[in-house]
Amino acid sequence: MSNTEYQRLKEVVELLRDPIKGCPWDLEQTHESLLKYLQEECYEFIHSVETKNFKEMEEELGDILLQVLLHSAIAKNNGEFDIESVCKRLADKMIHRHPHVFKEGTSNLTVSEVLDNWDNLKEEEKGKKAREIDETYLFFPAITSALKIGKKTHKIGFDWDDPSQVAYKVEEEWQELKEEILPTISNKQRIQEEFGDFLFSMVQLARHIDVDPEAALRDANRKFVKRFNKMEDLMENAGVKFKEMNQKQMDVYWDQAKMMEKNGEL
């Protein structure tokens, strides 16, 4: 992106936020109200990468950049920071955390050594942490947080020895969850707690068998949507609709879609 295009984009955002000529919707936005859009745009970009759709990648990156510029414009209006200070802070941080690139006389490092140095420099910047696992581990989507927590406990030696031990823990948590969802019990808080324990142990099992739990779940979601759409097509071809069928009848079309997928026909 040329400086001219970058400057033009900044001017577009500034006009959207202009108190007199600006857009009423953009003028109403706050850091808090924009959060959901930032999250949505990030996931839309992830999807475009997973589907290798480069046109969409270009568009979604632009949408993410728009969110960055909007937050910076809001902060500038409030006298807090602006996009220039954001860029300066980021550039300074990248230089500081890559001494093997920007400082002369540093030796060549492996990827593992680079990551270790990154973590050490990060801690130096923020001061010595009081705890090995602090609240910053909770700043992510739940599955990512659970995975990061597990990786940290492994690093300090507080972990299971092998996947079979984790699988046993998963079974244990599953049994506890089943006990809470018996028809005679209706403690929603306890059910949610046990369900959370079960999910946490599943993420740790994924870590031990070298599976990315977020990627695995996204794959499962895509597979379900693909099968469901094929089931819907089969039903449409048969002249039937969802509201006209019960679960058992729909299962017939679901099994057909599943078989077609297995045979590579989807």
Side-chain angles (χ1 to χ4, degrees), residues 1-98 101-102 111 114-115 118-119 121-122 125-126 136-148 212-226 228-229 266:
M1 179 171 63
S2 68
N3 288 334
T4 301
E5 290 299 331
Y6 176 63
Q7 184 60 38
R8 185 166 77 96
L9 177 59
K10 283 176 59 180
E11 291 172 357
V12 167
V13 174
E14 288 173 359
L15 182 56
L16 290 173
R17 292 279 304 174
D18 185 273
I20 299 175
K21 300 179 180 180
C23 170
W25 185 89
D26 288 276
L27 288 169
E28 284 186 355
Q29 300 313 302
T30 65
H31 291 305
E32 291 75 16
S33 69
L34 288 172
L35 287 180
K36 62 181 179 181
Y37 301 108
L38 177 58
Q39 186 178 50
E40 288 172 3
E41 301 300 354
C42 288
Y43 278 111
E44 287 175 8
F45 175 69
I46 291 172
H47 178 73
S48 69
V49 172
E50 291 175 338
T51 56
K52 294 181 172 56
N53 189 323
F54 298 107
K55 291 288 289 184
E56 285 188 3
M57 284 174 61
E58 180 182 38
E59 181 177 353
E60 299 304 339
L61 276 177
D63 291 341
I64 293 173
L65 179 56
L66 172 61
Q67 296 302 310
V68 173
L69 289 170
L70 282 172
H71 280 285
S72 298
I74 291 171
K76 182 178 180 180
N77 291 343
N78 296 336
E80 297 160 346
F81 59 83
D82 58 22
I83 189 61
E84 297 300 328
S85 66
V86 168
C87 292
K88 179 184 184 303
R89 186 164 183 173
L90 177 58
D92 290 344
K93 181 167 65 176
M94 290 301 98
I95 292 171
H96 180 248
R97 293 189 187 176
H98 293 82
V101 175
F102 295 100
V111 172
V114 168
L115 292 176
W118 177 281
D119 289 338
L121 290 168
K122 187 176 179 180
E125 292 168 8
K126 297 184 177 181
T136 62
Y137 282 80
L138 305 176
F139 291 174
F140 310 93
I143 286 181
T144 303
S145 286
L147 188 60
K148 285 181 174 290
D212 183 332
E214 175 67 22
L217 184 55
R218 289 178 65 81
D219 287 343
N221 289 341
R222 278 195 296 270
K223 181 169 63 176
F224 181 90
V225 170
K226 189 176 182 179
F228 190 88
N229 288 340
L266 292 189

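- Salt-bridge formation is not detected for the pair E11/R8: no Lys NZ or Arg NE/NH1/NH2 atom is positioned less than 4.0 Å from an Asp or Glu carboxylate oxygen.
- In plain terms, the two heavy atoms of S48 and E56 that are nearest each other are CB-CB, 3.7 Å.
- No side-chain heavy atom of K148 sits under 4.5 Å from any side-chain heavy atom of F139.
- Between the side chain of H96 and the main chain of D92, no donor-acceptor pair closer than 3.5 Å is present.
- K76 has its side chain out of reach of F81: every pair of non-hydrogen atoms, C-beta onward, lies at least 4.5 Å apart.
- The line from CG of L90 to CD1 of I83 is 9.5 Å long, rounded to the nearest 0.5 Å.
- You'll find the side chain of Q29 stays beyond 4.5 Å of the side chain of L70, heavy atoms only.
- If you take OG on S145 and CG on L147, they are separated by 9.5 Å, rounding to the nearest 0.5 Å.
- E14 contributes atom CD, which lies 10.0 Å from atom CG of L9 (distance to the nearest 0.5 angstrom).
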Run the side-chain donor-acceptor check on residues 58-67: report pairs under 3.5 Å with partners two or more places apart or on a different chain.
none

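- Distance check, rounded to the nearest 0.5 Å: CG of L38 to CD of E41 gives 8.0 Å.
- Between Q7 and K10 the shortest side-chain heavy-atom distance falls below 4.5 Å.
- The side-chain heavy atoms of H47 and R218, taken from C-beta on, include a pair separated by under 4.5 Å.
- Every side-chain hydrogen bond (donor to acceptor under 3.5 Å, both in side chains) that R222 has, sequence neighbours left out, goes to E50, D219.
- D119 contributes atom CG, which lies 9.0 Å from atom CZ of R97 (distance to the nearest 0.5 angstrom).
- When all heavy atoms of L16 and L27 are compared, the pair lying nearest together is O-CG, 4.0 Å.
- A distance of 6.5 Å separates CD1 of I74 from OG1 of T30, quoted to the nearest 0.5 Å.
- The aromatic rings of F102 and H98 lie perpendicular to each other, with more than 60° between the two planes, well past the 30° mark.
- Under the 30°/60° scheme for interplanar angles, the aromatic rings of W25 and Y37 are found to stand perpendicular.
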